[in-house]
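Structure first, commentary second.
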Amino acid sequence: MSVFGTRPEAIKMCPLVKELASREEIESLCCVTAQHRQMLDSVLEVFDVKPDWDLDIMTPRQTLSTITSKCLTGMDEAIDALKPDMILVHGDTSTTFAGALSAFYHQVKVGHVEAGLRTYDKYSPFPEEMNRKLVSSIADLYFCPTANNKANLQREAITDGLFITGNTVIDALKTTVQSGYRFATEELNHLPYDEKKIILVTCHRRENYGEPMKNIFLALREIAERNSGVELVYPVHLSPVVREAVDKYLRGAPRVHLIDPLPADEMHNLMARCYMVMTDSGGLQEEAPALGKPVLVLRRETERPEAVEAGTVKLAGVVQDDIVTMAERLIQDKNAYAQMAHAVNPYGDGNACRRIADAILWYFGRGEKPADYLA
């Protein structure tokens with residue numbers, strides 16, 4: 001049973017749900033917590049995945065405690081009813097932690113998709129860093145996107161059940177990105193992709209709330225005001241905290257398009273057409289390089305150092321002047337841009353879901369052990 005509840009999780013787990021369903025030896029069940037209701041549903045629709053169980057936990061201004069407690073209580077019912085042999089959780093959300101903990105309480109095996117990411121700062125990203133470390137203590141199988149992720153776990157004395165698979169988000173892009181794609185969000189069909197440099201922006205992480213987010217938004221405003229050949233597109237997260245900050249610091253800025261969150265297919269196709277990406281998201285650091293787009297990370301650190309080492313991603317931080325300087329270099333310096341755009345993406349070849357399914361079958365004595373993916 002695959003368990004997930006947020007939009008980023010769904011993008012990365014839906015291809016796996018479908019791959020598992022294609023295997024005769026596997027009954028692929030899906031349980032969603034709906035930690036993010038609207039944004040989750042749009043992804044389920046894109047991938048045509050219909051959950052077998054829906055906890056529907058989302059409430060206005062929910063806290064980490066309410067998310068976790070509702071997930072735990074709801075998962076009791078789902079596990080008792082569906083009786084899975086293994087529960088798959090993804091990454092580092094509160095749904096991930098609660099799903100793994102509930103599986104442990106029921107003595108059900110746990111597979112951790114996107115295992116082994118670390119910043120070694122328990123408050124950044126918050127609460128994700130501790131969520132993924134806690135899940136590592138519970139899991140039986142670890143599906144690591146990269147060799148570095150596997151090495152992180154080995155340093156923590158986790159040595160059994162480790163597989164390097166690549167990241168399932170690369171599998172997702174094979175489904176969603178299409179030539180000649182037409183956006184349902186009509187404004188996106190009329191952006192001057194050929195005449196101007198379109199910068200895709202996202203910003204929503206809890207550790208950026210407050211002063212960091214203010215600095216980021218003021219930097220974005222300055223970039224737009226100083227560079228007439230640039231237009232920024234920002235699908236604004238539904239978080240009231242984020243929206244209040246956007247209204248205060250960014251709304252009304254020239255050449256800044258503030259739009260509602262996009263379905264996965266629209267986001268991926270916008271990424272494919274944009275010039276570069278500025279984000280505090282995790283998934284975009286993996287997706288954009290696969291499409292040849294440089295990424296500036298609006299955070300102090302990243303749990304995805306492989307992309308930094310490969311040259312597809314740079315840490316821009318949360319200081320206004322630093323963000324502006326790094327963005328303008330990519331806007332104005334063709335060589336700097338080309339070095340990032342043409343770097344090799346370390347996150348996979350689009351076959352992560354196949355490797356994960358093979359590993360699960362091997363674990364239950366139904367097939368050969370898959371070879372690790374090596375970038």
Side-chain angles (χ1 to χ4, degrees), residues 1-4 9-31 47 49 52 75 78-79 82-92 96 99-118 132-172 174-175 286 306 346-375:
M1 181 169 75
S2 300
V3 178
F4 51 93
E9 288 176 295
I11 291 170
K12 295 180 176 184
M13 286 294 274
C14 281
L16 179 55
V17 170
K18 297 184 80 88
E19 173 66 28
L20 295 170
S22 74
R23 303 299 182 99
E24 288 184 11
E25 308 96 324
I26 296 175
E27 181 185 3
S28 177
L29 302 172
C30 177
C31 170
F47 287 94
V49 169
D52 299 280
M75 285 290 294
I79 294 172
L82 299 177
K83 296 180 171 55
D85 297 293
M86 174 173 280
I87 285 176
L88 299 178
V89 294
H90 180 278
D92 52 26
T96 307
L101 185 59
S102 184
F104 169 70
Y105 286 164
H106 289 81
Q107 297 187 36
V108 175
K109 301 296 184 182
V110 174
H112 189 192
V113 181
E114 198 176 273
L117 279 68
R118 296 288 187 270
R132 54 192 172 221
K133 290 190 75 172
L134 291 164
V135 173
S136 293
S137 299
I138 295 172
D140 301 279
L141 293 180
Y142 304 82
F143 305 116
C144 307
T146 71
N148 183 62
N149 303 146
K150 181 178 179 179
N152 288 342
L153 294 172
Q154 290 172 325
R155 281 191 289 270
E156 297 170 16
I158 298 170
T159 56
D160 294 331
L162 277 66
F163 297 87
I164 305 172
T165 60
N167 198 300
T168 59
V169 77
I170 310 303
D171 301 37
K174 294 195 298 187
T175 298
E286 301 148 350
E306 303 87 356
Y347 291 113
D349 58 359
N351 293 304
C353 293
R354 175 180 58 76
R355 293 188 185 95
I356 292 170
D358 288 346
I360 291 169
L361 287 171
W362 167 81
Y363 183 77
F364 287 104
R366 301 295 181 90
E368 297 294 318
K369 188 175 184 178
D372 281 345
Y373 166 73
L374 299 174

Nearest 0.5 Å please: distance from the [atom1] atom of [X] over to the [atom2] atom of [Y].
{"X": "Arg366", "Y": "Ile26", "atom1": "CZ", "atom2": "CD1", "value": "9.5 Å"}
{"X": "Tyr363", "Y": "Asp85", "atom1": "OH", "atom2": "CG", "value": "10.5 Å"}
{"X": "Gln154", "Y": "Asp160", "atom1": "CD", "atom2": "CG", "value": "10.5 Å"}
{"X": "Cys14", "Y": "Glu9", "atom1": "SG", "atom2": "CD", "value": "10.5 Å"}
{"X": "Leu20", "Y": "Leu361", "atom1": "CG", "atom2": "CG", "value": "8.5 Å"}
{"X": "Ser136", "Y": "Ile158", "atom1": "OG", "atom2": "CD1", "value": "4.5 Å"}

Just by modelled atom types, is the [Y] backbone N or O under 3.5 Å from a matching donor or acceptor in the [X] side chain?
{"X": "Ser22", "Y": "Glu19", "value": "yes"}
{"X": "Asp372", "Y": "Ile164", "value": "yes"}
{"X": "Lys12", "Y": "His90", "value": "no"}
{"X": "Asp140", "Y": "Val110", "value": "yes"}
{"X": "Thr168", "Y": "Met13", "value": "no"}

Has [X] got more than 12 heavy atoms of other residues, nucleotides or ligands less than 6.0 Å from its [atom1]?
{"X": "Phe104", "atom1": "CZ", "answer": "no"}
{"X": "Glu27", "atom1": "CD", "answer": "no"}
{"X": "Lys150", "atom1": "NZ", "answer": "yes"}

Problem set entry | Test side chain to side chain contact (heavy atoms under 4.5 Å, CB included) applied to Leu162 and Leu153, step by step | CA-CA 8 Å; Leu162 277 66; Leu153 294 172; 4.0 Å; yes

Problem set entry | Residue pair Arg355 / Asp349, side-chain heavy-atom distance below 4.5 Å |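 Of all side-chain heavy-atom pairs linking Asp349 with Arg355, at least one is under 4.5 Å.
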
Problem set entry | Note, Leu117 side chain near Asp92 side chain (heavy atom, < 4.5 Å) |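 Sidechains of Asp92 and Leu117: no contact.
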
Identify the two heavy atoms, one from [X] and one from [Y], that lie closest to each other, and give their separation to 0.1 Å.
{"X": "Pro15", "Y": "Ala10", "value": "CD-O, 4.3 Å"}
{"X": "Val49", "Y": "Cys30", "value": "CG1-SG, 4.1 Å"}
{"X": "Ile356", "Y": "Thr165", "value": "CG1-CG2, 3.8 Å"}
{"X": "Gly91", "Y": "His112", "value": "O-NE2, 2.8 Å"}
{"X": "Asp171", "Y": "Cys353", "value": "OD2-N, 2.9 Å"}
{"X": "Gly116", "Y": "Asn152", "value": "O-ND2, 2.8 Å"}

For this session: Before giving the answer on salt bridge (Lys or Arg N to Asp or Glu O under 4.0 Å), spell out for Asp358 and Arg23 the whole-Å C-alpha distance, their side-chain angles and the decisive distance to 0.1 Å.
Result: CA-CA 9 Å; Asp358 288 346; Arg23 303 299 182 99; 2.8 Å; yes

Exercise. Only one of Trp362, Tyr373, Tyr142 forms a ring pair (Phe, Tyr, Trp, His ring centres under 6.0 Å) with Phe163, so which one is it?
Worked result: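 The residue from Trp362, Tyr373, Tyr142 that satisfies ring pair (Phe, Tyr, Trp, His ring centres under 6.0 Å) with Phe163 turns out to be Trp362.
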
For this session: From the options Ile79, Leu101, Ile87, select the one residue that forms a side chain to side chain contact (heavy atoms under 4.5 Å, CB included) with His106.
Result: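 Of Ile79, Leu101, Ile87, side chain to side chain contact (heavy atoms under 4.5 Å, CB included) with His106 is met by Ile79 alone.
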
Exercise. Given Met86 and Phe364, is the side chain to side chain contact (heavy atoms under 4.5 Å, CB included) satisfied, shown in steps?
Worked result: CA-CA 10 Å; Met86 174 173 280; Phe364 287 104; 4.1 Å; yes

Problem set entry | Derivation of the side chain to side chain contact (heavy atoms under 4.5 Å, CB included) call for Glu114 and Glu286 | CA-CA 12 Å; Glu114 198 176 273; Glu286 301 148 350; 3.7 Å; yes

